[in-house]
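Since the structure comes first, as structure tokens, the remarks are kept for the end.
Index from 1, following the sequence.
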Amino acid sequence: MTDDADDRSHAFSEGQGVDEDYEEFTLDPTDLGVDPDQVDPVDSRVLTDVLDKHNVSAEQVDVPELIDVGLSYMEINRFEEATAAFERAARFADEDSIEAQEAWVNKGVAHGQLEEYDQAIGAYEEALRIDEDSEHAATAETNLAYALWEFGRTEEALEHAERAVEIDPRFPQAWYNRGFFLRERGLTEDALNAFDNALRLGMRNAEILEEKARALEELGREEEAQEAIEQAEEIRADAEEELTEEF
């Protein structure tokens with residue numbers, strides 16, 4: 001990652017904004033039965049009244065449903081509302097439960113979308129305090145790596161990217177993030193291996209192919225780099241064609 005945000009074409013999960021193809025960071029949100037441009041997924045006034053701990057006990061709160069509310073807000077780019085929903089879910093969930101951890105991870109994602117990286121870091125660290133080896137831990141680690149990088153704590157970023165791969169070696173986004181940080185550190189051969197692992201695990205978009213091309217160019221493998229660039233251009237062209245057909 002470079003210091004100039006405009007030069008970054010890659011996409012991370014968990015905290016910086018994800019592209020349309022990236023679905024690994026959490027559970028899918030529930031389908032909305034209304035036009036989200038016209039109606040909130042939940043009436044915010046009702047949410048506040050119903051979930052205030054002064055008015056309702058924790059036993060009466062459906063934490064998974066509240067997480068889905070936050071995800072629905074994420075779906076329509078209402079990230080501030082999402083952070084509030086996820087925090088409520090974390091507070092009402094059983095202490096140190098897997099549901100609480102999921103809520104903290106998603107809260108970190110929402111803060112990342114708002115570029116509130118210090119708060120994202122805190123949310124991911126709280127999730128990892130709950131359990132460093134759960135089903136959500138690799139996502140928390142890889143997203144924490146990105147947030148740390150954006151917050152200027154670059155040395156720590158690679159450590160957490162490495163940890164994400166250790167937890168779940170079949171998580172393609174973790175391999176992509178690891179490759180990105182390694183290339184930035186000048187460890188280009190290792191970075192290329194990481195990108196290839198992500199591709200083998202099914203992560204195939206223009207961003208990773210462009211990062212692979214940069215690594216190949218740095219290694220002097222110009223022909224292979226050009227092939228990767230051409231593949232990236234094909235993917236972008238296909239995406240633009242699909243978008244045109246929708247309209």
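Expressed to the nearest 0.5 Å, how far CG of Asn106 lies from CG of Asp68 amounts to 10.0 Å. In this structure, OH in Tyr124 is found 9.0 Å from OG1 in Thr139, a value given to the nearest 0.5 Å. Note that the CD1 atom of Ile67 and the OG atom of Ser72 stand 12.0 Å from one another [nearest 0.5 Å]. Here CG of Leu192 is found 12.5 Å from CG of Leu187. Values are rounded to the nearest 0.5 Å. For the atom pair Glu227 CD and Glu222 CD, the distance stands at 12.0 Å (nearest 0.5 Å).
For the salt bridge (Lys or Arg N to Asp or Glu O under 4.0 Å) criterion with Lys107, the lone passing option out of Glu102, Glu126, Glu87, Glu116 is Glu87.
The pair Arg163-Asp168 does not count as a salt bridge, with every side-chain nitrogen at least 4.0 angstrom from each carboxylate oxygen. Remark: Glu211 engages Arg214 in a salt bridge, criterion side-chain N to carboxylate O under 4.0 Å.
The distance between the ring centers of Phe181 and Trp149 falls below 6.0 angstrom.
Taking each heavy atom of Ala213 and Ala228 in turn, the nearest pair found is CB-CB, 4.0 Å. The minimum heavy-atom distance linking Ala147 with Ala120 is given by the pair CB-CB, 4.3 Å. The two residues Ala161 and Ala145 come nearest to each other via the heavy atoms N-CB, 3.7 Å. The shortest heavy-atom contact between Ala174 and Ala164 is CB-CB, 3.8 Å. Nearest heavy atoms, Ala103 versus Ala89: CB-CB, 3.9 Å. Ala198 and Ile208 get closest at one heavy-atom pair: CB-CD1, 3.4 Å.
Contact annotation: the side chain of Asp190 never approaches that of Phe195 to less than 4.5 Å [non-hydrogen atoms, C-beta and beyond]. Looking only at side-chain heavy atoms (C-beta outward), Glu80 and His111 stay at 4.5 Å or farther from each other. Within the 4.5 Å cutoff, no side-chain heavy atoms of Ile229 are placed close to those of Glu210. Between Leu201 and Phe171, every side-chain heavy-atom pair lies at or beyond the 4.5 Å cut-off. Proximity of Asn205 to Leu209: side-chain heavy atoms (C-beta onward) are nowhere separated by under 4.5 Å. Side-chain contact check for Lys212 versus Asp196: some heavy-atom pair is nearer than 4.5 Å. Looking only at side-chain heavy atoms (C-beta outward), Arg178 and Trp175 come within less than 4.5 Å of each other. In this structure the side chain of Met74 never reaches within 4.5 angstrom of the side chain of Thr83, judged on heavy atoms.
In this structure, Val105 is a member of the same hydrophobic cluster as Val69, with clusters built from ILVMFWY side-chain heavy atoms closer than 4.5 Å. With hydrophobic clusters built from ILVMFWY side chains whose heavy atoms lie under 4.5 angstrom apart, Leu144 shares a cluster with Leu114. Val63 and Val109 end up in the same hydrophobic cluster when Ile, Leu, Val, Met, Phe, Trp and Tyr side chains are linked at under 4.5 Å. When the side chains of ILVMFWY residues are joined at heavy-atom separations under 4.5 Å, either directly or via intervening members, Phe79 and Tyr146 end up in a single hydrophobic cluster. Under the 4.5 Å side-chain contact rule for hydrophobic residues, Leu158 and Val165 do not share a cluster.
Counting heavy-atom neighbours within 6.0 Å of Glu65 CD, excluding the residue itself, gives a total of 12 or less. Within a 6.0 Å sphere centred on CD of Glu166, other residues, nucleotides and ligands contribute more than 12 heavy atoms. Other residues, nucleotides and ligands contribute only 12 or fewer heavy atoms inside 6.0 Å of the CZ atom of Arg170.
Between the side chain of Tyr176 and the backbone N or O of Asn197, no donor-acceptor pair lies under 3.5 Å. When atom types are taken as modelled, the side chain of Gln101 and the backbone of Asp131 share a donor-acceptor pair closer than 3.5 angstrom. Under a 3.5 Å cut-off, the side chain of Asp94 and the backbone N or O of Ser97 do not form any donor-acceptor pair.
Grouping Ile, Leu, Val, Met, Phe, Trp and Tyr residues whose side-chain heavy atoms lie under 4.5 Å apart, directly or via other members, leaves Ile98 alone, with no other cluster members.
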Report the C-alpha distance between Tyr73 and Phe86 in whole Å, list the side-chain angles of each, state the deciding distance to 0.1 Å, and finish with yes or no for side chain to side chain contact (heavy atoms under 4.5 Å, CB included).
-> CA-CA 10 Å; Tyr73 275 129; Phe86 292 136; over 6 Å; no

Using the side chain to side chain contact (heavy atoms under 4.5 Å, CB included) rule, take Glu162 and Leu182 through it: C-alpha gap first, then chi angles, then the decisive distance, then the call.
-> CA-CA 10 Å; Glu162 297 278 11; Leu182 286 169; 4.3 Å; yes

From CA spacing to verdict: side chain to side chain contact (heavy atoms under 4.5 Å, CB included), Thr154, Arg185 = CA-CA 10 Å; Thr154 56; Arg185 296 279 292 272; over 6 Å; no

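A donor-acceptor pair shorter than 3.5 Å can be found between the side chains of His160 and Glu141. Defined by atom type and a distance below 3.5 Å, a donor-acceptor pair is missing between the side-chain atoms of Gln173 and Thr142. With 3.5 Å as the limit, one finds a donor-acceptor pair spanning the side chains of Gln231 and Arg204.
Residues meeting the salt bridge (charged side-chain N to carboxylate O under 4.0 Å, His left out) test with Glu217, sequence neighbours left out: none. Applying the side-chain contact (heavy atoms from CB on, under 4.5 Å) criterion to Arg153, with sequence neighbours excluded, gives Ile121, Glu125, Leu148, Phe151, Glu156.
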